[in-house]
Amino acid sequence: MKGSGLLEGVDFALDEMPGDQLHRILHAYRERGPIQSTRFLGLPALIITSHQALSRAFMDTESFPPHAMYQASFEGAIGKSFISMEDPKEHLLYRKRVTPAFRSRAVARYERDDLAEIAHELIDRIESRTSFDLVESFTTQFPYLVISRLLGLPRDREDEFQNWAFALLRFRDDPAAAKNAREKLTEFISPVVEDRKKQPRNDVISELLQVRIDDMSLTDEEIHSHIRLLFPTGGETTHGSLGNLLFAALSNQSLWERLCRDPSLIPAACEESLRWETPIAVLPRLSCSDETEFLGITIPGNSWILFAMAAANRDPLVFSEPDRFDLDREKDESLTFGRGVKACPGMHLARKNMTVALQVLTERMPSLQLTDLDSAQPRRTVLRSPAALHVRK
Ligand code: HEM
């Protein structure tokens with residue numbers, strides 16, 4: 001059977017699958033058929049790899065209720081936010097009312113001026129050095145500074161804010177530290193919320209305070225949980241997408257030089273990077289509680305179903321020469337931001353973050369060179385990114 005050696009013992013939660021290894025594995029699964037048996041967290045799972053099947057699976061919310069995984073894995077740390085709401089009507093209502101805050105005037109202003117300012121600030125800190133790790137000094141920090149500034153938090157405590165956000169995200173590894181971080185974040189953000197109630201500003205907290213659901217404002221706890229929601233959804237994903245973009249650009253010297261010479265190619269490079277090496281390579285869903293059927297396959301109740309966006313994004317039936325990083329692809333058919341009721345409401349900000357970061361980096365540091373290709377290979381699947389990007393100037 002095709003790819004059987006390669007696929008033996010594969011576990012999408014436990015294996016790192018660096019660089020091309022993930023894509024060889026996903027191609028091998030897809031060649032066997034659009035939905036195949038695999039493992040996740042040591043448990044039996046099914047993986048969906050073809051573009052057509054995955055587009056259908058995103059829309060089949062009866063078989064694959066989209067809130068269930070978030071309820072099981074996020075709610076303990078984040079609290080109740082629309083991402084984990086079970087009732088589709090309630091989810092839609094909150095999503096409709098709350099997400100404009102992520103695309104609001106506050107965000108538009110940030111796009112224009114402040115994203116570039118953040119990128120410049122981070123580069124100022126490393127400019128005098130000849131070698132550094134871009135993951136440590138840039139891709140890890142950039143998204144959290146963006147969130148902190150969007151929220152309008154005090155600038156002199158941004159480092160503390162970032163450390164609490166990281167601790168909260170590690171809630172599975174260290175629940176006590178996450179609990180402590182959540183309390184600290186609440187203590188830190190509460191006075192800002194109180195201040196914005198009295199004097200609204202042009203920031204996301206002020207926008208959240210204006211939200212009305214059935215004529216009622218969000219409770220303070222809802223404001224806090226929707227702020228916390230930004231860490232995994234806006235922070236971790238952007239961290240991954242920046243790392244993968246810089247890996248794509250810096251591991252191909254002629255591409256990097258082309259982008260430095262002609263910055264008008266940068267938006268196309270960001271788009272292609274989101275297809276070629278997406279930060280959510282595999283999105284785990286839990287199936288509905290009863291046994292169901294999808295594409296003629298029996299799906300056991302409450303089982304792991306892996307939505308392999310990284311595989312759909314390299315499906316040869318949709319993308320010609322799918323493994324090639326190609327700046328000239330015309331249509332964006334990637335499934336990077338999902339489809340249907342949960343399609344990513346932050347995709348505009350995500351694209352903007354990447355474009356601005358790459359513009360500033362190519363402008364300020366055109367002579368960058370990767371010095372360790374191994375550690376720069378994107379790794380892991382649910383959140384995929386390089387462990388390090390060691391470079392010299
Ligand atoms: C490159 C970066 C990003 C990627 C690849 C990404 C990807 C995704 C995907 C695939 C989904 C759908 C999940 C599902 O079907 O279960 C999603 C949902 C979501 N994303 Fe993003 N995202 C990114 C950036 C952002 C940013 C910057 C924000 C916030 C400003 C954001 C906020 C959200 C939220 C709140 C949801 C949940 C939507 C819902 O429950 O209806 N994302 N994202």
Side-chain angles (χ1 to χ4, degrees), residues 48 54-55 57-61 64-75 78 80-104 106-107 110-111 115 139 142-144 146-151 204 207-208 225-245 270-271 273-286 305-310 312-313 332 334-358 378 382-385:
I48 304 178
L54 188 51
S55 304
F58 268 117
M59 309 314 278
D60 187 348
T61 53
F64 311 121
H67 70 283
M69 181 276 285
Y70 298 106
Q71 222 168 51
S73 68
F74 269 34
E75 220 174 77
I78 302 297
K80 196 172 175 222
S81 69
F82 66 85
I83 205 167
S84 56
M85 286 176 182
E86 180 169 359
D87 175 1
K89 283 205 190 106
E90 193 189 22
H91 164 258
L92 194 67
L93 183 62
Y94 270 75
R95 181 184 152 105
K96 224 160 103 186
R97 297 286 152 82
V98 170
T99 55
F102 308 156
R103 298 190 297 252
S104 60
V107 176
Y110 266 84
E111 284 172 7
L115 290 180
T139 65
F142 185 82
Y144 294 94
V146 172
I147 294 174
S148 158
R149 306 247 172 126
L150 281 173
L151 293 170
V204 168
E207 300 264 350
L208 287 172
S225 58
H226 284 95
I227 290 173
R228 289 190 290 266
L229 175 64
L230 288 173
F231 306 147
T233 57
E236 285 295 88
T237 51
T238 304
H239 157 75
S241 69
L242 284 175
N244 296 347
L245 170 68
C270 295
E271 211 50 49
S273 156
L274 284 165
R275 178 197 73 85
W276 188 72
E277 197 60 281
T278 172
I280 308 180
V282 167
L283 176 70
R285 279 264 199 277
L286 282 168
I305 312 294
L306 308 180
F307 283 18
M309 280 100 95
N313 285 357
D332 173 29
S334 80
L335 294 182
T336 297
F337 292 109
R339 285 271 160 98
V341 290
K342 285 195 116 51
C344 178
M347 63 175 92
H348 180 70
L349 179 61
R351 290 184 164 114
K352 209 69 202 174
N353 277 331
M354 293 169 74
T355 311
V356 172
L358 191 56
V382 177
L383 273 168
R384 184 165 175 81
S385 65

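Source: prediction; values computed, not measured. Values below: every heavy atom of this structure, side chains too, minus hydrogens, waters and symmetry copies. One-based numbering, in listed order, for ligands and for the atoms of each.
The I83 neighbourhood of ligand 1 comprises atoms 37 (C), 40 (O), with distances under 4.0 Å to a heavy atom of that residue. Close approach of ligand 1 to V341 (heavy-atom distance below 4.0 Å) involves ligand atoms 41 (O). The ligand atoms of ligand 1 that sit less than 4.0 angstrom from a heavy atom of P279 are 5 (C). Ligand-side atoms of ligand 1 in range of M309: 10 (C), range being under 4.0 angstrom from any heavy atom. Heavy-atom contacts of F82 reach the following atoms of ligand 1: 35 (C), 38 (C), 39 (C), 40 (O), 41 (O) (cutoff under 4.0 Å). Below 4.0 Å from some heavy atom of S241 lie the following atoms of ligand 1, by number and element: 1 (C). Taking every non-hydrogen atom of A350 and a distance limit under 4.0 Å, the qualifying atoms of ligand 1 come out as 1 (C), 2 (C), 24 (C). Distances below 4.0 Å separate heavy atoms of G338 from the following atoms of ligand 1: 10 (C).
Here the CG-CD distance, from L245 to E271, works out to 11.0 Å after rounding to the nearest 0.5 Å. Between L229 atom CG and Y70 atom OH the span is 9.5 Å, to the nearest 0.5 Å. We find the CG-CZ distance between N353 and F142 to be 5.0 Å, quoted to the nearest 0.5 Å.
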**Prompt:** Can R285 and F58 be said to form a side chain to side chain contact (heavy atoms under 4.5 Å, CB included), step by step?
**Reply:** CA-CA 10 Å; R285 279 264 199 277; F58 268 117; 3.8 Å; yes
**Prompt:** Can you check side chain to side chain contact (heavy atoms under 4.5 Å, CB included) on F307 and L335, steps first, answer last?
**Reply:** CA-CA 10 Å; F307 283 18; L335 294 182; over 6 Å; no
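Contact between S385 and G240 at its shortest, heavy atoms only, is CB-CA, 3.6 Å. In this structure, H67 and E86 approach most closely via the heavy-atom pair NE2-CG, 3.4 Å. The shortest heavy-atom contact between Q71 and S84 is NE2-O, 3.2 Å.
Considering backbone and side-chain atoms together, Y70 places an N or O closer than 3.5 Å to an N or O of ligand 1. Any N or O atom pair closer than 3.5 Å counts here, and T278 shares no such pair with ligand 1.
Residue-ligand proximity: R285 is placed with a non-hydrogen atom under 4.0 Å from ligand 1. Ligand 1 does not have L335 within reach: every non-hydrogen atom of the residue lies 4.0 Å or more from it. Heavy-atom separations between M354 and ligand 1 are all 4.0 Å or longer. Residue H91 places a heavy atom less than 4.0 Å from ligand 1. At a 4.0 Å cut-off, at least one heavy atom of P345 sits close enough to ligand 1 to count as contact. In this structure, L274 has a heavy atom closer than 4.0 Å to ligand 1. Using 4.0 Å as the threshold, F58 has a heavy atom nearer than that to some atom of ligand 1.
Residue contacts with ligand 1 for R95 involve side-chain atoms from C-beta outward but no N, CA, C or O (heavy atoms, distance under 4.0 Å). Residue contacts with ligand 1 for N353 are absent, since no atom lies close enough (heavy atoms, distance under 4.0 Å). Here M347 has no heavy atoms under 4.0 Å from ligand 1, in either its backbone or its side chain.
Counting only heavy atoms from C-beta outward, the side chains of K342 and H91 approach each other to under 4.5 Å. A 4.5 Å side-chain heavy-atom check between S334 and T278 finds every atom pair outside the cut-off. Using a 4.5 Å cut-off on side-chain heavy atoms (C-beta onward), I227 and L208 make contact. Between P345 and R95, some side-chain heavy-atom pair lies under the 4.5 Å cut-off. The side-chain heavy atoms of M309 and T336, taken from C-beta on, include no pair separated by under 4.5 Å.
Applying side-chain contact (heavy atoms from CB on, under 4.5 Å) to F337 and the options I280, D332, L274 leaves one that passes, L274.
Given atom 26 (C) of ligand 1, the protein heavy atom at minimum distance is G234 CA, 3.5 Å. Ranking the protein heavy atoms by distance from atom 23 (C) of ligand 1 puts T237 OG1, 3.4 Å first. The protein atom (non-hydrogen) at minimum distance from atom 18 (C) of ligand 1 is K342 O, 3.5 Å. Of all protein heavy atoms, the one lying nearest to atom 10 (C) of ligand 1 is T336 O, 3.3 Å. Given atom 6 (C) of ligand 1, the protein heavy atom at minimum distance is F337 CD2, 3.7 Å. Annotation: atom 42 (N) of ligand 1 to nearest protein heavy atom, C344 SG, 3.1 Å.
Between the side chain of H239 and the backbone N or O of Y144, no donor-acceptor pair lies under 3.5 Å. Formation of a donor-acceptor pair under 3.5 Å by the K80 side chain with backbone atoms of S225 is not found in this model.
Atom 33 (C) of ligand 1 has its nearest heavy-atom neighbour, among V204, T61, T233, in T233.
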